[in-house]
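Sequence lines set the chain letters: A, B, ... in the order given, protein chains first and strands last, and positions in each chain run from 1.
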Amino acid sequence: MSSPARPVRVRIAPSPTGDPHVGTAYMALFNHVFARQQGGQFILRIEDTDQTRARADSEQMIFDALRWLGLSWDEGPDIGGPYGPYRQSERKAIYREHVGRLVAGGHAYRCFCTAERLAEVRAEQQARKASVLGYDRHCRGLDRADAERRAAAGEAHTVRLAMPLTGTIRVDDRLRGAVDFDVAQIDDQVLLKSDGMPTYHLANVVDDHLMEITHVIRAEEWISSTPKHVALYQAFGWEPPAWHHLPLLRNADRSKISKRKNPVSINYYRDVGILPQALVNFLGLMGWSFGDDREKFTVDEMVAAFAWDKVSLGGPVFDLDKLTWLNEKYLHELSHDQLVDALHAWRFSRAYLLKLAPLVRERIKRLDELVPLTEYFFSGDLDYTPVLADLAVPDVPPAGVAQGLLAYLDKVEARDGWDAAMLEEVGRAWATELGWKTKHAFMVLRLVVAARKASPPVFDVMAVLGKEVTRRRLRQAADLLARRA
RNA sequence: GGCCCCAUAGUCUAGCGGUUAGGACGUCGGCCUCUCACGCCGAAAACAAGGGUUCAAGUCCCUUUGGGGUCACCA
C-alpha cells in the first residue's frame, strides 16, 4: 500500500485440522474478490505447524471445498508458485534461521520453563485474579551465553519474543482505524515451540513477509494478537502489511460460529444440496453489500463492485433460512438439464447408488421398494416425532441419552477418516464405557440416523450418509432429547 | 476480570446531518389456482439508553448498557 507499484498479494492460511470450515470459505471469498479486483494474486498457504491437531485428509478437503465454491487461488501447495513451499511444515529451516536472527539481535530469547511451571504461573494469576494474565518473563533475564549452552546441550526449550516493555503499539486497521494497545497487556509470545515448529505468530509474519503479502484480510479474532505481529515486523525491520479484520460469522446466539451450535463444514452444505454459487453469494451478503438492494449476485459482480467501505462490522448471524431461500432462487434458475446435473452431482449418481447397493440388495424384493426403504439417505433433517418413544435407552433419562450421543460424536470426531469399521469400533467401546447394551446403544444410533427401527447395519448407514449429515442428526437428536428432559 | 472490537426490526442489511427510516429472509393475511409450490399484493416488526455538538442527529462526540473476541509450546 505504501508503494503503489507493488502488486496486491493476499492470502488465506487455513490449518488442516478438520473439516473445511465456512469461515475459511468466507475469508477466501473476500481475499479472492479483492485480489481479482486489484489484478493481484491470491495465495493459499497451509498452516500445518500443529502436528497434534493435523488431520490427514483435511488439506485435500480444503482444496476440494474451495474449488467446489469456485474460489481459485494463484499459488498454493497443490499448484506451486514462485514463493513456495506453501506448506509451513516444509519451511522449518526458514523459521529456524529467522528465529536465530531475532535471538542474535536480542529480540527473542530461549525459555526453558516447563509446561508445568507455566500452568502453575497461570493458576496462580487466576487465583489472585490478576488483571493481566500471561508469561512472567522468567527466562528473559537469563544469561545469553548460558542459555545457548543449555540449548546446545539439548535441553528442551522454546524461543519467545522479547516484547517492548513500555509504550503502545498501534495497529492501523483499514476497516476500523487506528487501534492502540498498551504493551503492558501483552506477554512474551512463544515463537518457536520445543518441537522445533514455529507458532502461528512467527510463521505467519515470516511467510507474509517472504511471500510479499500486501494486505492481510483475516477474521476479527486475530485483532488482539496483531500487536504481537507488529512487534515482530519491527524486530525484523520489516514493513507490516495493511490490516483488514473482518467480522466473525456468528451462531444464532451471536457467539463465534461453532460446530456445537451450527453446521460449519462446507461439506455439510454441499451434502444437503446447497449449490456452491448460492453459498458463495450468501457469504458475500455477510458483512458486505452492494450499497443498494441487490442480494443475489455472482462473484464476478462482487469483484466489480467491491469496496472496503461497504463492509459492515457487526458480526453477522449465519442464517440457514436465508441461505435456503437464496439457494431456491438459484435452483429455479436452472434448466431441466442443469437441474438433473445438480441432482446427479448430489446423490443421484452411479457412484452413490453403488454405495447404496450393498446395503439394500438383500432387503428389497422389488425395485420399487428402494425409494421408500432409503428415504433417509436423501433427506436433510429427519422428523423424529413418530419414533420419539423409541428414541431411548432403558433406565437412562433423555438427558443422559443426549449426552451419550454427543459423547459418541466426540469420540468419532477425534478419529481420522470415516468408515464403518472405525465407526463400529468406536461405537462398541463407547457403549461399553456408558454401560449400555450394544443392542440398545446401536438402536438409538439407528433411530437417530434413520428415524426408523429397521435399517441396514447402522455403521454402514452412517458411513454412506457421511460425516456431516451424521453429525447434524446426532446433534439434532441430542437437542431434542435435552429439551424433553 | 484486563485489553480490544461492535451496536438500525427475530435475522441479513441500506442510510454516510434534514427520509413517512428503504430492501431482503422469516412470520401473519390475501390474490392466483384442480392440490401444492412458485409468483403477486399487503400487514406487524428497528435506530439499546442518557448526555452533549448543531438551526437540525439513526448519522458526529462522550458515558452507560448490551453483545462479541482475546488473554496456549491451537490456529
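- Annotation: B/C38 and B/G29 have their P atoms spaced 15 Å apart (nearest Å).
- Between A/Asp50 and A/Trp288, the residue anchored nearer the 5' end of RNA chain B, judged by the nucleotide with its closest heavy atom, is A/Trp288.
- A/Ser255 comes within 4.0 angstrom of the backbone, heavy atoms only, and of no base.
- For A/Ser194 and B/C73, a side-chain-to-base donor-acceptor distance below 3.5 Å is present, hydrogens and geometry of angles not being considered.
- Between the side chain of A/Thr324 and the backbone N or O of A/Leu320 there is at least one donor-acceptor pair closer than 3.5 Å.
- Residues meeting the ring pair (Phe, Tyr, Trp, His ring centres under 6.0 Å) test with A/Tyr86, sequence neighbours left out: none.
- Base pairing analysis places B/A21 opposite nothing; no Watson-Crick or G-U wobble pair with both distances below 3.5 Å involves it.
- Look at A/Ser225 and you won't find any side-chain N or O under 4.0 angstrom from OP1 or OP2 of B/C71.
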Requested in this report: Please test A/Leu275 against A/Leu334 for side chain to side chain contact (heavy atoms under 4.5 Å, CB included), starting from the C-alpha separation and ending with a verdict.
Outcome: CA-CA 11 Å; A/Leu275 301 173; A/Leu334 300 180; 4.2 Å; yes
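- When the nearest nucleotides of RNA chain B are assigned to A/Leu133 and A/Thr49 by heavy-atom distance, the more 5′-ward of the two goes with A/Leu133.
- The shortest distance between the side-chain N/O atoms of A/Arg250 and the OP1/OP2 oxygens of B/C6 is not below 4.0 Å.
- Regarding contacts with the backbone of B/G69, every side-chain N or O of A/Arg218 stays at 4.0 angstrom or more from both OP1 and OP2.
- Taking 4.0 angstrom as the limit, A/Lys256 places a side-chain polar atom (N or O) nearer than this to OP1 or OP2 of B/U70.
- A salt bridge links A/Arg260 with A/Asp410: the closest approach of a Lys/Arg side-chain nitrogen to an acidic carboxylate oxygen falls below 4.0 angstrom.
- The closest side-chain donor-acceptor pair between A/Trp73 and A/Asn31, if any, does not fall under 3.5 angstrom.
- Counting non-hydrogen atoms under 4.0 angstrom, A/Arg53 reaches a base of the nucleic acid.
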Which atoms of nucleotides 24-27 of chain B (N or O only) lie under 3.5 Å from a protein N or O atom, and what are those distances?
from  : atom 1 : to       : atom 2 : distance (Å)
B/A24 : O4'    : A/Glu295 : OE1    : 2.9
B/A24 : O2'    : A/Glu295 : OE1    : 2.5
B/A24 : N3     : A/Lys322 : NZ     : 2.9
B/C25 : OP1    : A/Trp325 : NE1    : 3.4
B/C25 : O2'    : A/Lys322 : N      : 3.4

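- Residue A/Ser289 has a polar side-chain atom (N or O) positioned under 4.0 Å from OP1 or OP2 of B/A14.
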